[in-house]
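Reckoned from all heavy atoms, side chains included, excluding hydrogens, waters and symmetry mates. Along the sequence shown, residues are numbered consecutively beginning with 1.
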Amino acid sequence: MEATVEDTKSNLETAENLGLLPSEFEKIKEILGRTPNFTELSIFSVMWSEHCCYKNSIKLLKTLPREGSRMLVEAGEENAGLVDIGDDLACCFKIESHNHPSAIEPYQGAATGVGGINRDIFTMGARPVAQLNSLRFGNIARDRTKWHVKGVVKGIGDYGNAFGIPVLGGEVFFDDCFNTNPLVNAMSVGIVAKGDTISAISKGPGNTVYIVGSSTGKDGIHGATFASGDITAESADDLPSVQVGDPFQEKLLLEATQDLLKISGVVGMQDMGAAGITCSTLEMSDKGGCGMNIYLDKVPMRQANMKPFEILLSESQERMLVVVERGKEKGVNAIFEKWDLNCVEIGEVTEGGLCKYYMHGELVAEVPAYDLVLGGGAPVYDRVSKVPNYYEESKKFSIEQVAEPESLRIVAEHLISHPNIASKAWVINQYDTMVGTSTMSTNAHTDAGISNIKGTNKALVMTTDCNSRYVAADPEIGAQIAVTEAARNIVCSGGEPLAITNCLNFGNPYNEEVYWSFEGTIKGMAKACTKFNTPVTGGNVSFYNQTSIDHREDPVFPSPVIGMLGIMEDKTRLLSLDFKSEGDSIYLLGEVVNDINSSEYVYSYCDVKRTPAPYFDLDKEYDLQQVIKALNTDKLIRSAHDVADGGLFITLLESAMPNNFGFKISTDNSVRKDAFLFGEGQGRIVVSVSSEQEEGFKALMDQSTTNYLLLGSVDTTTLNIDGESFGSIQEAKEKFDTALGNLMN
């Protein structure tokens, strides 16, 4: 290597301080043929962090189904997944985590998570049309939890609202295991004309390398390394690892990238997310089988005297790397001048696979792209797993261990007001759900978010789903449930499931019990995705979501959040969850089981924390969803709503509330009443049927293999179960709508 500005040799202690293992330090020396300097070691530390190279998960991730007739790019090939939605259009979508930053600075952590996931979409040339999120927090009675919730929700709302993309779905869940480590997962969905996408690739020796967008500062340095370690008592000292976002700058960057689609000469483009300039230069170079010369002193900076490693590792937001054919720079410069954004030539593409970084004419780092990236020479490990003791203990649980409650109405009131069940209006009202004029689901009361595809008769249907408690109880079954619930929500809204993106949130992978749950999750997800023909387009693995204080490790519940995309081929088939008319019959489709496992009822009301996952049958679940599609196609049902958190009672209540109806039903004597009303056995959907539809409905159901049961009918305003009044719809609605807001005050 040429003489460098920073020729001070690093050592093992330096490497370990940067999060590298001793064996990894030795491998780096072997790759370079020498001891790296500090800047080079910093590059390896971020690129070989769990956050960037998935060294403890990639082997298992490759076992997930990743092929399908609508897939336009392979999982991991580009910044986000891309599927064919017909009419010469493609949908680009992805979900990612921003957990660690949100734990120590909730507002910016969540805001920059939203910004980063939207950039992954429009870097590919797609225009974002919808956002979703999945949030998990600790005990809502704690002041710190309220601080987390308020900061995260405001961060998502402020950034998304200013950027101008509606939030169409999400989930919010509370449990003590998330007290220190909240989970903040953000999803973005965009549309692009087929063939108009931009690849994250660099090629063509001599071509120009640009940095565009915001100036570079010291925020986010070693953010990827920070995200690849446990939260400790000293984590607040890592605040500089949290980026700072500017949604207005991002909006300009979006419009500039849309203009880039209209000119020739753009070779490739990539968002500067984790590891900043380092990651984008190395990944683009490796993909194109080339190298780069990068001149760091040319990078627009907002802070003076930044060191080479700080420039390379900064995760300042709203920046991208663009490779342009030599001689075509004029058009690119004009676009970014129009939008008043930085557009600076910082290097050129070279032959071979070496990326060289210079500062004031002197070489400060020289590294081979292939050896640093995911799928290349980055380390890959097999971790050891162990079945936790609690798993076998929980299997010993029987419903007979829980006495039937004296008052079912008291249980119902407990669930109505529980933060995991009650209305999330306090959260949703801080988001703009209608900006962009494509939202179809807010007033339609659907199980999934729906975005109109203008100029067609189609709509996108989307959701995020995961019950962390189920996965903690049984990772394989819990993961299958997460996939099938997402599909159920899309089908109940009138859509056809197409594909998924996932955000896999777990504790420390070196914890053998944590890794056991990760293995089971992957196995379950693969099984369900194969059954429903919903291939995995990509996503994110977030390990180290656990607290390590005083030699005690407290991982969060394993939380494989499923972001699923569906298509509604005919918008007249939109299906909502709300009851439409008094007197309509209410039917339950699916299995009635004597099961309260892992339900909110048994967990929070009965205070029984260790039970198995709820009843689940993958084949029957699949058959049920095909029946719903057929009923909807033949227009034989007026509403559909899946039975999920809180059980059948909450499903009925949620269907009754939008139009202020009540219901009059009878329970099934074959099971306990608490199990019938509050159990969360899977594979069940509540539908309403008019008298005119009833004959056709029964005929179709009788031809299917799916069980169905007449529960009762839509009533005026009273909630009546087996002749007992559970109050009025107005009383229940008041409690349901205000519970979360009251708890947050």
Side-chain angles (χ1 to χ4, degrees), residues 78-80 82 89-90 92 115-129 159 162-165 188 190-204 206-217 245-273 276-277 279-281 283-285 287-288 292-296 298-302 314 316-349 436:
E78 295 290 354
N79 284 325
L82 193 69
L89 296 173
C92 186
I117 196 63
N118 279 317
R119 279 197 305 282
D120 279 340
I121 301 305
F122 70 76
T123 301
M124 290 181 64
R127 180 176 287 276
V129 296
Y159 200 103
F163 185 55
I165 308 299
S188 183
I191 294 177
V192 63
K194 280 177 65 177
D196 280 358
T197 53
I198 301 176
S199 181
I201 193 171
S202 171
K203 56 186 178 181
N207 283 339
T208 305
V209 180
Y210 279 100
I211 188 170
V212 301
S214 294
S215 296
T216 298
D246 182 344
F248 302 102
Q249 191 85 337
E250 177 131 323
K251 176 64 174 174
L252 298 177
L253 193 56
L254 163 63
E255 299 304 333
T257 58
Q258 292 291 299
D259 283 352
L260 282 178
L261 294 173
K262 303 169 187 175
I263 67 171
S264 63
V266 177
V267 176
M269 179 164 60
Q270 180 159 327
D271 165 42
M272 288 186 186
I277 293 173
C279 194
S280 54
T281 54
E283 288 185 347
M284 292 179 75
S285 294
K287 187 173 182 180
M292 284 186 188
N293 289 337
I294 299 295
Y295 308 102
L296 299 176
K298 292 186 178 182
V299 174
M301 286 173 267
R302 60 172 180 258
S314 168
S316 293
Q317 298 290 283
E318 294 85 43
R319 300 177 304 155
M320 293 184 180
L321 199 74
V322 183
V323 177
V324 180
E325 291 178 14
R326 180 64 68 183
K328 301 287 185 69
E329 295 89 350
K330 186 176 180 180
V332 176
N333 288 330
I335 287 172
F336 285 93
E337 183 176 351
K338 168 189 172 182
W339 292 104
D340 195 25
L341 292 168
N342 288 325
C343 179
V344 179
E345 181 179 341
I346 62 167
E348 65 271 343
V349 179

Is any side-chain heavy atom of [X] less than 4.5 Å from a side-chain heavy atom of [Y]?
{"X": "S314", "Y": "M301", "result": "no"}
{"X": "E345", "Y": "V324", "result": "no"}
{"X": "L254", "Y": "Q258", "result": "yes"}
{"X": "R119", "Y": "E318", "result": "yes"}

Using 0.5 Å steps for rounding, measure from the [atom1] atom of [X] to the [atom2] atom of [Y].
{"X": "Q317", "Y": "L253", "atom1": "CD", "atom2": "CG", "value": "11.0 Å"}
{"X": "E348", "Y": "Y295", "atom1": "CD", "atom2": "OH", "value": "3.5 Å"}
{"X": "N79", "Y": "S280", "atom1": "CG", "atom2": "OG", "value": "10.0 Å"}
{"X": "L260", "Y": "D196", "atom1": "CG", "atom2": "CG", "value": "12.5 Å"}
{"X": "R302", "Y": "T216", "atom1": "CZ", "atom2": "OG1", "value": "7.5 Å"}
{"X": "L82", "Y": "I121", "atom1": "CG", "atom2": "CD1", "value": "9.0 Å"}

Which pair of non-hydrogen atoms, one from [X] and one from [Y], has the smallest distance, and what is that distance?
{"X": "N207", "Y": "E325", "answer": "OD1-CA, 3.2 Å"}
{"X": "F336", "Y": "A256", "answer": "CE2-CB, 3.7 Å"}
{"X": "C92", "Y": "M124", "answer": "SG-SD, 3.6 Å"}
{"X": "K328", "Y": "S264", "answer": "NZ-OG, 3.7 Å"}
{"X": "P300", "Y": "I211", "answer": "CD-CG2, 3.7 Å"}
{"X": "S199", "Y": "K287", "answer": "OG-NZ, 3.1 Å"}

For [Y], is there any backbone N or O sitting under 3.5 Å from a side-chain donor or acceptor partner on [X]?
{"X": "E78", "Y": "A200", "answer": "yes"}
{"X": "T257", "Y": "T123", "answer": "no"}
{"X": "D271", "Y": "M320", "answer": "no"}
{"X": "Q270", "Y": "V322", "answer": "no"}
{"X": "E329", "Y": "G327", "answer": "yes"}
{"X": "S202", "Y": "G288", "answer": "no"}

Checklist entry - Where do T208 and R326 land on the side chain to side chain donor-acceptor pair (under 3.5 Å) test, with the steps shown first? => result CA-CA 6 Å; T208 305; R326 180 64 68 183; 3.0 Å; yes

Checklist entry - Can V349 and V209 be said to form a side-chain contact (heavy atoms from CB on, under 4.5 Å), step by step? => result CA-CA 7 Å; V349 179; V209 180; 4.1 Å; yes

Checklist entry - If you count the non-hydrogen atoms of other residues, nucleotides and ligands that lie under 6.0 Å from NZ in K251, is the total more than 12? => result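 Enclosed.
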
Checklist entry - When you look at L341 and Q249, which way does the side-chain contact (heavy atoms from CB on, under 4.5 Å) test go after all the steps? => result CA-CA 8 Å; L341 292 168; Q249 191 85 337; 3.6 Å; yes

Next on the checklist: I'd like to know whether K262 forms a side-chain contact (heavy atoms from CB on, under 4.5 Å) with I335, so could you lay out the CA-CA distance, the side-chain angles of the two residues, the decisive distance to 0.1 Å, and finally the verdict.
Outcome noted: CA-CA 10 Å; K262 303 169 187 175; I335 287 172; over 6 Å; no

Item to check | Donor on one side chain, acceptor on other, D120 and S188, under 3.5 Å | outcome: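 S188 and D120 do not have a side-chain donor-acceptor pair below 3.5 Å.
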
Next on the checklist: With side-chain contact (heavy atoms from CB on, under 4.5 Å) as the criterion, how do V212 and M269 come out once you've worked through the C-alpha distance, each side chain's angles and the decisive distance to 0.1 Å?
Outcome noted: CA-CA 10 Å; V212 301; M269 179 164 60; 5.6 Å; no

